[in-house]
> 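Submitted below is the structure of interest, expressed as structure tokens.
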Amino acid sequence: MSPIILLSFLLGYFALLIGVAYLTSRNNSDNASFFIANRNSKWYLVAFGMIGTALSGVTFISVPGAVGKSDFGYFQFILGNAVGFIIIATVLLPLYYRLNIISIYTYLERRLGFWSYKSGAVIFLVSRTIGSAFRLYLVAIVLQKFIFDAWNVPFWLTIVICLVLIWLYTHKGGLKTIIITDTLQTVFLLLSVVLSIIFIARSLNLDVAGTFEAVKNSSYSKVFFWEDFLGSKTHFLKQFLGGIFVTIAMTGLDQDLMQKNLSMKTIGEAQKNMFTFTTVFVIMNIFFLSVGALLYLFAANNGIDVAALKTPDHLYPEIALNHLNVIPGIIFMLGLTAATFATTDSALTALTTSFCVDFLHFDKKEDQNDPALVRKRHLVHIGFSVLMVLVIMIFKIINDDSVVNAIFKAAGYTYGPLVGLFAFGMFTKKAVTDRLVPYICILSPILCFIIDMNSVAWVGYALGFELIILNGLITFLLLWVTGKTSTGQTKF
């Protein structure tokens, strides 16, 4: 497909987003609007928009690509995700609304202390920056290969172009704008995956019933893996439990997605949002896994050498842009762009919010509309955009795995201490030795890394996504051992 056609589409798409941003921010672009959308968001818009944020380009490309190696085993992880979302809605959201907070990490200050609070906020900043960089990296390599390589544009400049475009439509309205743009981008994402299934099925001469049967009867449709609990990373319990705790950490203890939930008027609306979102999330992942099975069937029928691809992540773009006609290619690029930028724009806003509230203490300023504060917020927003460019370039050098695996593996190390901190605060009455908390949050991932590298040799056990459980448990135990007998504080 012509790079000019794809580039024209990309620019037109961003022109639409910038137009939406202008309409949503022209009347009010203060800090309250940027951080929590004036607590006036509609739950159904947030629920729908969160689909695009949660799925991202990783789901769009990496999940279908991973089907060739792990079949539908990823759905075990999705089932765990669903349970995690329910726990968030029934346990964490009531806590956040009761405390009436902007940044969820202020809970740690009230319950555990100053250094616990700062540790939690830093963990989020590091974790979300790395995770969002991984996601943007995925779409950037596709844009580079199929658009910008035609004009010899360097990869770093491709990343800069993407982030500049995102900054243009988010820097004023923030969350208020993102709730609308993410809703629009989710429409494009859902439309893209459904149409992708239709076009690939037609190329295989399959009708609706035939498509269902082809996927069901393929060698890729195995969902549950019960074999070799010790040595396999795809065993059901590992995937399911890992899915629960990764979701609690990456959603419930993450300022990004929780910021959207906190933008609604009541806890009831926020919970309604989470339950609706969970249902659609599970269904959409079934569609993405089905796309993966169809892609591999298409590759087999058309003599495409999947092994020759650098990574399974390249299979979907390879078929959509080189083996189908123009319309499926444009639809693919539409879905990929919508998924990835819905995640990145949300992340940059959440990172800016967390830094401004947790470290610059905007929430304690009397005048939230002070022009100096707004300018400072803009600088923070730009700063995180630059940081993301640097992280992506580092990841490009070292990555040799499917991005979906890289993201959740990184989450196991970076989010684990957050799980331990919040669990200790919510389920014990002990006080921590606050000055030791930053060291514990560093030591725990180091111990997990040592265990992860040696667990097979030591006990024959291969750690998978449940690494985050071990990390949280180690953090919890270290907090307990070094803690004090009684808090003297209210247990939230």
Side-chain angles (χ1 to χ4, degrees), residues 36 43 46-47 49-51 53-56 77-108 110-112 116-117 119-121 123-128 131-132 175 240-264 267-282 343 346-347 350-351 353-354 358 407-408 410-412 414-427 441 465-469 471-473 475-476 492:
I36 53 175
W43 72 266
V46 175
M50 278 177 61
I51 299 299
T53 304
L55 291 178
S56 81
F77 184 77
I78 296 302
L79 292 175
N81 293 161
V83 174
F85 289 134
I86 293 171
I87 293 173
I88 291 168
T90 56
V91 177
L92 290 175
L93 280 180
L95 171 68
Y96 299 151
Y97 267 83
R98 188 165 64 249
L99 297 178
N100 191 31
I101 52 181
I102 296 176
S103 168
I104 63 175
Y105 308 111
T106 54
Y107 162 77
L108 295 175
R110 298 185 192 185
R111 170 61 181 89
L112 300 178
S116 300
Y117 166 44
S119 298
I123 290 169
F124 163 71
L125 295 177
V126 172
S127 302
R128 178 48 67 179
S132 297
L175 187 62
F240 182 72
L241 293 175
I244 294 174
F245 283 88
V246 165
T247 296
I248 291 172
M250 294 185 70
T251 301
L253 305 182
D254 183 284
Q255 179 67 24
D256 188 354
L257 289 171
M258 285 300 97
Q259 186 169 343
K260 293 182 173 66
N261 282 280
L262 295 176
S263 70
M264 281 166 272
I267 177 62
E269 289 189 350
Q271 290 175 322
K272 192 184 300 183
N273 159 60
M274 284 301 300
F275 292 137
T276 304
F277 161 75
T278 301
T279 302
V280 180
F281 177 83
V282 172
T343 301
S346 178
L351 289 166
T353 298
S354 177
D358 297 325
I407 285 177
F408 292 126
T414 59
Y415 280 93
L418 265 183
V419 175
L421 280 170
F422 273 84
F424 190 90
M426 295 174 67
F427 301 117
C441 290
F465 291 152
E466 78 279 14
L467 174 68
I468 194 169
I469 302 174
N471 199 347
L473 180 60
T475 302
F476 185 97
F492 295 102

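Basis for what follows: all heavy atoms, side chains included, without hydrogens, waters or symmetry-related copies.
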> Run the side-chain contact (heavy atoms from CB on, under 4.5 Å) test against Thr475 and tell me which residues pass, sequence neighbours left out.
Pro417, Ile440, Ser444, Asn471, Leu479
> Indicate yes or no for a side-chain donor-acceptor contact from Gln255 to the backbone of Leu351 under 3.5 Å, with no hydrogens or angles considered.
no
> Would you call Ile104 and Leu262 a side-chain contact if the rule is heavy atoms closer than 4.5 Å?
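Side chain of Ile104 against side chain of Leu262, heavy atoms only: contact under 4.5 Å found.
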> Checking Tyr105 side chain against Leu253 main chain: does a donor-acceptor pair fall under 3.5 Å?
yes
> So which atom in Ala411 and which in Met250 form the shortest heavy-atom distance, rounded to 0.1 Å?
CB-SD, 3.4 Å
> State which residues pass side chain to side chain donor-acceptor pair (under 3.5 Å) with Gln271; sequence neighbours excluded, sorted by chain then number.
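Gln271 satisfies side chain to side chain donor-acceptor pair (under 3.5 Å) with no other residue.
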> Let me have the donor-acceptor pairs involving side chains of residues 81-88, under 3.5 Å, with sequence neighbours excluded, atom names and distances please.
from: Asn81; atom 1: ND2; to: Phe77; atom 2: O; distance (Å): 3.3
from: Asn81; atom 1: ND2; to: Gly243; atom 2: O; distance (Å): 3.0
from: Asn81; atom 1: ND2; to: Thr247; atom 2: OG1; distance (Å): 2.7

> Check salt bridge (Lys or Arg N to Asp or Glu O under 4.0 Å) between Asp254 and all other residues, then give those that pass, not counting sequence neighbours.
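Partners of Asp254 under the salt bridge (Lys or Arg N to Asp or Glu O under 4.0 Å) test: Arg128.
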> Identify the heavy atoms of Ile78 and Phe281 that sit nearest to each other, and give their distance.
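Shortest heavy-atom contact: CD1-CE2, 3.9 Å.
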> Who pairs with Thr251 by side chain to side chain donor-acceptor pair (under 3.5 Å), at least two apart in sequence or on another chain?
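Side chain to side chain donor-acceptor pair (under 3.5 Å) check on Thr251 returns nothing, list empty.
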> Who passes ring-ring contact (aromatic ring centres under 6.0 Å, His included) against Phe240, sequence neighbours left out?
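For Phe240 the ring-ring contact (aromatic ring centres under 6.0 Å, His included) partners, ignoring immediate neighbours, are Phe236.
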> Without swapping roles, check the side chain of Tyr96 against the backbone of Gly252 for a donor-acceptor pair under 3.5 Å.
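Yes; judged by distance alone, with no hydrogens or angles, the pair exists.
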> Which heavy atom of Pro94 sits nearest to which heavy atom of Ala89, and what is that distance?
CD-O, 3.5 Å
> Quick one: closest heavy-atom pair of Val419 and Phe245, and the distance?
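Nearest pair, atom of Val419 first, then Phe245: CG1-CD2, 4.3 Å.
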> Between Phe424 and Phe476, does the ring centroid distance fall short of 6.0 Å?
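Ring centres of Phe476 and Phe424 closer than 6.0 Å.
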> Identify the heavy atoms of Glu269 and Met264 that sit nearest to each other, and give their distance.
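The answer is O-SD, 3.7 Å.
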> Please report the shortest heavy-atom distance between Phe124 and Ala350, naming the atom on each side.
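Minimum heavy-atom contact is CE2-O, 3.8 Å.
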> Between Thr278 (side chain) and Met274 (backbone), is there a donor-acceptor pair under 3.5 Å?
yes
> So do the side chains of Leu112 and Tyr117 get within less than 4.5 Å of each other, counting heavy atoms only?
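Not touching, per the 4.5 Å side-chain cut-off.
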> Contact between Leu92 and Met258 at the side-chain level, heavy atoms closer than 4.5 Å - yes or no?
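No; the side chains remain at least 4.5 Å from each other.
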